[in-house]
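A note on names: the letters A, B, ... follow the listed sequences, proteins ahead of strands, and every chain is numbered from 1. Keep in mind that what you see is a predicted model, and the values were worked out from it rather than measured.
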Amino acid sequence: MRYSELLLPTLKETPTEAEVVSHRLLLRAGFIRKLSSGVYTYLPLGLASVRKVEQIVREEMNRAGAQELLMPMVQPADLWKESGRWEKYGPELLRFTDRHNRESCLGPTHEEVITDLVRREIHSYRDLPINLYQIQTKFRDEIRPRFGLMRGREFIMKDGYSFDATEEGAEATYQKMYDAYQRIFKRCGLSFRAVEADTGTIGGSFSHEFMVLADTGEDTLAICKHCDYAANMEKATVKQPVSLDRELLPLQKVETPGKRKVGAVCEFLGISPEELVKTMVYLADGDPVAVLVRGDHEVQPVKLKNMLGAVEVELADDKQVFETTGVPSGYLGPINLNIKIVADLEVEGIKNFTIGANEKNYHVQNTNLGRDFKVSQVGDLRQITEDDPCPDCGGDLELTRGIEVGHIFKLGDSYSKALQATFQDSNSEEQNFIMGCYGIGVSRTVAAAIEQNHDENGIVFPLPLAPFQVIILNLDPKNEQITGAAESFYNQLQQESIEVLLDDRDERPGVKFKDADLIGIPYRITIGKRFAKEGEVEVRMRKDGLIKSLSPDEAVAEVVNTIRAEIKAIRD
RNA sequence: CGGGAUGUAGCGCAGUCUGGUAGCGCACCUGAAUGGGGUUCAGGGGGUCGGAAGUUCAAAUCUUCUCAUCCCGACCA
């Protein structure tokens with residue numbers, strides 16, 4: 001492609017709307033333009049990167065035995081009513097009626113449609129397992145779209161669905177998809193981890209999120225430095241603490257004037273936060289619950305939600321705390337508290353800890369769970385920390401940020417039951433399909449790749465996702481000798497099936513350098529006055545800025561060989 | 001939906017407090033020079049000041065309503 005003919009509107013300045021780096025760079029590098037909130041046009045370069053991801057996904061899904069199909073985006077309400085999700089899905093589902101007053105929606109996901117298809121077409125265990133996927137634009141009317149392609153309302157997604165005759169079969173399929181996802185993200189050239197995800201009500205270890213590691217990620221992960229353990233903070237289990245063996249001391253009420261925060265109380269009493277227990281009030285579906293955690297720990301709301309079986313938990317504010325307990329926040333404690341109390345595991349282990357006295361300006365020391373108060377449940381409720389040992393191997397943990405680009409899930413028979421999707425097993429008995437679903441945010445993967453790979457000059461694409469592999473800079477289009485050489489490079493590289501962009505614009509060299517860096521093409525060949533004088537061109541790597549001065553023949557060989565080697569290495 | 005902010009040329013902004021007929025940089029068009037890290041000079045085009053209503057002799061500026069966008073929370077590929 002010739003730059004002079006390409007729609008590639010790069011920007012010197014960042015539009016104010018863009019806050020995160022991938023969004024800024026996608027706009028500046030001329031990859032996307034916004035049409036409305038969370039809805040973007042992919043310009044030629046942006047689309048090229050999206051296609052790269054799609055192609056890798058396709059190849060690996062096909063290799064894993066899945067088949068591609070394409071389902072409608074517009075879906076009838078009836079199907080969603082049948083699965084019960086027409087009511088359950090909420091306002092994220094964009095609904096509308098057509099001219100015949102038929103209710104429809106834009107597909108945010110396709111469990112209903114695929115299950116409907118399979119129940120019509122598959123009737124025998126002999127045809128199982130079957131694994132179907134599509135790559136398609138999804139629409140979810142997100143509450144708050146943000147970060148450009150990271151969370152759009154309209155986005156490109158690969159969604160796959162598997163149907164098995166047995167649990168064991170479904171688990172094997174799950175494993176296949178897990179392996180395929182590992183290959184996909186490796187082939188994208190990204191640094192990532194598969195983490196155990198919260199399975200909510202279904203339980204078990206059959207949900208993994210694939211997280212691209214990037215400081216700007218929305219999720220925090222706990223990963224082990226020694227073994228393969230990696231988990232989302234919501235899921236990361238904390239090891240059972242050791243119970244301290246100490247003599248229990250008598251309760252002692254102490255005055256703590258104006259000391260509400262853990263730090264202030266500890267300083268005032270000369271104790272450490274490990275010897276104090278905080279009482280946090282949450283509203284679980286509107287009902288107040290006191291949650292006890294050690295002073296230096298934080299409550300993990302998702303764990304709390306799962307323990308209580310609540311739909312939504314929310315930290316109560318000071319006003320709500322006072323209204324429900326009659327105690328000003330800061331002096332709350334579990335003794336004689338009039339609301340439900342649950343405690344983190346750790347609280348069981350500590351002896352003689354300090355708590356609020358349920359009275360302004362007072363705390364109570366030497367408190368002990370069981371002796372002085374009771375709780376209705378004890379469990380893992382706190383956020384894991386870097387000081388905790390790995391739950392698998394006991395090694396050191398590290399907390400890092402990640403961006404969720406893929407999610408695989410064993411669904412079981414919930415959808416096949418709801419939609420009465422059955423097949424006959426070898427005993428001629430009707431069985432529900434055992435399903436799994438597997439998603440990849442294709443457009444988000446491009447954004448995540450940029451979040452992970454950029455510098456102050458722009459995007460630094462991993463080779464497999466770059467819209468072009470090589471950019472040739474003709475620094476002096478008016479010089480026949482230089483232009484001739486540039487054209488010759490362009491032709492030769494194209495003949496070698498290298499994806500190449502020729503910057504043939506009548507622009508100053510500086511402009512071309514800046515743009516080449518900004519759009520992040522991995523290899524750059526510069527032809528300028530050094531070629532006119534010494535017959536040498538320059539090959540530069542975007543990643544590390546390494547420059548080699550080579551003769552034209554050497555340069556072509558260098559670029560072709562390195563690119564082929566790199567692609568091969570990633571593929572194998 | 002709750003909290004915060006912003007809407008003035010394609011992009012980045014000034015002008016708003018204190019009302020007086022809209023400006024700067026970049027980008028764009030014309031011409032010339034320049035040609036290895038966003039070059040320079042000269043000339044030029046482009047604006048319902050987000051929208052509506054109101055106050056006023058006069059509104060980008062004051063008032064009210066409204067729409068849109070962005071950031072922080074709950075949700076998710």
Exercise. Out of G12(B), C76(B), G37(B), which has the shortest distance to the side chain of D517(A)?
Worked result: G37(B)
Exercise. Side chains of R85(A) and Y415(A): donor-acceptor distance under 3.5 Å anywhere?
Worked result: yes
For this session: Sticking with atom P, work out how far U61(B) lies from G20(B), rounded to a whole angstrom.
Result: 10 Å
Problem set entry | Polar pair under 3.5 Å, donor/acceptor by atom type, side chain K478(A), base G35(B) | yes
Problem set entry | G-U wobble or Watson-Crick pairing nucleotide for G31(B) (cut-off 3.5 Å, both distances) | C41(B)
Exercise. NA contact type, T526(A), heavy-atom cut-off 4.0 Å: base, sugar-phosphate, or nothing?
Worked result: base
Problem set entry | Pair H297(A)-T385(A), side-chain donor/acceptor within less than 3.5 Å | no
For this session: If A74(B) has a Watson-Crick or G-U wobble mate with both distances under 3.5 Å, name it; if not, just say none.
Result: none
Problem set entry | Base of C76(B) paired with side chain of R146(A) (donor-acceptor, under 3.5 Å) | no
Exercise. How far, in whole Å, is A27(B) from U39(B) if one measures between their C1' atoms?
Worked result: 16 Å
Exercise. To the nearest angstrom, how far is R144(A) atom CZ from A74(B) atom P?
Worked result: 10 Å
For this session: With C1' as the reference atom in both, quote the distance from G50(B) to G7(B) in angstrom, rounded to an integer.
Result: 6 Å
Seminar exercise, completed: Paired to U63(B) by Watson-Crick or G-U wobble criteria (both distances under 3.5 Å) is A53(B)
For this session: Output the single nucleotide from G12(B), G36(B), U39(B) whose closest atom is nearest the side chain of K529(A).
Result: G36(B)
Exercise. Contact class for D515(A) (heavy atom, under 4.0 Å): base, sugar-phosphate, or nothing?
Worked result: base
Exercise. Checking all strands, does D506(A) fall into the base, sugar-phosphate, or nothing category for heavy-atom contacts under 4.0 angstrom?
Worked result: base
Exercise. Do the rings of H208(A) and Y174(A) sit parallel, tilted or perpendicular, given the 30° and 60° boundaries?
Worked result: tilted
Exercise. When all nucleic acid strands are considered with a 4.0 Å heavy-atom cut-off, which category describes T14(A): base, sugar-phosphate, or nothing?
Worked result: sugar-phosphate
Exercise. Say you pick atom C1' in G54(B) and the same atom in G15(B); how far apart are they, in whole Å?
Worked result: 24 Å
Exercise. Side-chain donor or acceptor of E13(A) under 3.5 Å from a matching atom on the base of G25(B)?
Worked result: yes
Problem set entry | Given C76(B), C70(B), G36(B), the nucleotide with the shortest approach to the side chain of D219(A) | C76(B)
For this session: Please measure how far the P atom in G43(B) lies from the corresponding atom in U64(B), and state the result in whole Å.
Result: 45 Å
Problem set entry | Closest-nucleotide ordering on RNA chain B, the 5'-leading residue of R28(A) and I143(A) | R28(A)
For this session: Just name whichever nucleotide pairs with A5(B), Watson-Crick or G-U, keeping both distances under 3.5 Å, else none.
Result: U69(B)
Problem set entry | N131(A) and Y133(A) side chains, donor-acceptor separation under 3.5 Å | no
Exercise. Under 4.0 angstrom, heavy atoms only, what part of the nucleic acid is R505(A) near: base, sugar-phosphate, or nothing?
Worked result: nothing
Exercise. Do the side chain of R151(A) and the base of C75(B) come within less than 3.5 angstrom through a donor-acceptor pair of N or O atoms?
Worked result: yes
Exercise. When rounded to the nearest Å, what value does the distance between C1' atoms of G31(B) and G25(B) take?
Worked result: 22 Å
Exercise. Is F147(A) touching bases, backbone alone, or none of the nucleic acid, heavy atoms closer than 4.0 Å?
Worked result: sugar-phosphate
Exercise. Nearest nucleotide by nearest heavy atom, which residue falls closer to the 5' end of RNA chain B, V511(A) or K34(A)?
Worked result: V511(A)
For this session: Hunt down the Watson-Crick or G-U wobble partner of U16(B), both distances under 3.5 Å, from any strand shown, or write none.
Result: none
Exercise. Applying a 3.5 Å limit to both distances, which nucleotide forms a Watson-Crick or G-U wobble pair with G46(B)?
Worked result: none
Exercise. E142(A) near the nucleic acid: base, sugar-phosphate alone, or nothing, with a heavy-atom cut-off under 4.0 Å?
Worked result: base
Exercise. Does G10(B) pair with anything, Watson-Crick or G-U wobble, both distances under 3.5 Å, and if so, with which nucleotide?
Worked result: C26(B)
For this session: Just call it for G528(A): base, sugar-phosphate, or nothing, with non-hydrogen atoms closer than 4.0 Å on any strand.
Result: base
Exercise. Among A77(B), G12(B), U34(B), which is the nearest nucleotide to the side chain of F155(A)?
Worked result: A77(B)
For this session: Name the nucleic acid region contacted by G152(A), choosing base, sugar-phosphate or nothing; use a 4.0 angstrom heavy-atom cut-off, strictly under.
Result: base
Exercise. C1' atom, U66(B) versus U6(B): distance in rounded Å?
Worked result: 16 Å
Exercise. Does T16(A) put a side-chain nitrogen or oxygen below 4.0 Å from OP1 or OP2 of C13(B)?
Worked result: yes
For this session: Classify the side chain of E538(A) and the base of G36(B) as holding, or not holding, a donor-acceptor pair under 3.5 Å.
Result: yes
For this session: Write down the distance separating the C1' atoms in U30(B) and A77(B), rounded off to the nearest Å.
Result: 50 Å
For this session: Indicate whether F513(A) forms a stack on G38(B); treat it as stacked only if centroid distance is below 5.5 angstrom and interplanar angle below 30 degrees.
Result: no
Problem set entry | Donor-acceptor contact present, side-chain R530(A) to main-chain G535(A), <3.5 Å | no
For this session: Test N474(A) against every option in N479(A), T483(A), D503(A) by the side chain to side chain donor-acceptor pair (under 3.5 Å) rule and name the one that passes.
Result: T483(A)
For this session: With the side chain of E92(A) defined as its heavy atoms from C-beta on, choose the nearest nucleotide among U39(B), U69(B), C75(B).
Result: C75(B)
For this session: Could you give me the CA-CA distance, side-chain angles and deciding distance for F468(A) and Y523(A), then say whether ring pair (Phe, Tyr, Trp, His ring centres under 6.0 Å) is met?
Result: CA-CA 9 Å; F468(A) 290 96; Y523(A) 293 93; over 10 Å; no
Exercise. For the residue pair H407(A) and F409(A), does the interplanar ring angle fall in the parallel (under 30°), tilted (30 to 60°) or perpendicular (over 60°) class?
Worked result: tilted
Exercise. If you check every side-chain atom of L475(A), which of G36(B), G38(B), G35(B) has the closest atom?
Worked result: G36(B)
Problem set entry | Presence of R140(A) side-chain N/O under 4.0 Å of C75(B) phosphate oxygens OP1/OP2 | no
